[in-house]
Amino acid sequence: EQWIPLVWRVVHDVKWSGDDLGVLFSAGSLGLLHAVRRPMDDGPATFKSYAYECIRLKIQEHRRIERNSCARIVTPACRR
C-alpha cells in the first residue's frame with residue numbers, strides 16, 4: 001500500500017503516450033506485485049529503485065503487447 005504512489009509516478013512519466021491512465025496503473029500494479037514477490041538480485045541498491053524498474057518494465061511490456069495486438073487485428077481487415 002505504501003508503494004502505490006510510486007506506481008502513479010511511473011504512470012505519469014509515460015502519460016504522454018496517450019494510453020488510458022487506469023490501464024497503465026493496472027499494468028504498473030502488476031510490476032509492483034512482481035517486485036514485492038521476487039527478491040532483489042545484486043542490481044539496484046534499494047527496493048524503491050528495484051520496484052520502479054519492475055513497474056516501468058511491466059508498463060512498457062503492456063504497451064508493446066497492446067500495440068502489437070492492435071496491429072494484428074487491424075492489418076488483416078485493411079487488406080480485405
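Reckoned from all heavy atoms, side chains included, excluding hydrogens, waters and symmetry mates.
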Under the rule for side chain to side chain contact (heavy atoms under 4.5 Å, CB included), what residues qualify as partners of Arg38, not counting sequence neighbours?
His34, Tyr50

Could you work out, with side chain to side chain contact (heavy atoms under 4.5 Å, CB included) as the rule, every residue matching Ile4, not counting sequence neighbours?
Trp8, Phe25, Leu32

About how many Å separate CG of Leu6 and CZ of Arg9, when rounded to the nearest 0.5 Å?
6.5 Å

Which atom names give the shortest non-hydrogen contact between His62 and Ala27, and what distance separates them?
CB-CB, 3.7 Å

Might you point out which heavy atoms bring Ala35 and Ala51 nearest each other, and give the distance in Å?
CB-CA, 3.8 Å

For Arg63, enumerate each residue passing the side-chain hydrogen bond (donor to acceptor under 3.5 Å, both in side chains) test, keeping only those at least two apart in sequence or located in another chain.
Asp19

Just jot down the salt bridge (charged side-chain N to carboxylate O under 4.0 Å, His left out) partners of Arg56, sequence neighbours excluded, or say none.
Glu53

Linking I/L/V/M/F/W/Y whenever any side-chain heavy atoms sit under 4.5 Å apart, do [X] and [Y] land together?
{"X": "Leu57", "Y": "Tyr52", "result": "no"}
{"X": "Val7", "Y": "Leu30", "result": "no"}
{"X": "Leu21", "Y": "Ile59", "result": "yes"}
{"X": "Phe47", "Y": "Val10", "result": "yes"}
{"X": "Trp3", "Y": "Leu24", "result": "yes"}

Mind jotting down which residue pairs meet the salt bridge (charged side-chain N to carboxylate O under 4.0 Å, His left out) criterion with at least one end in residues 26-36? Sequence neighbours excluded, please.
none

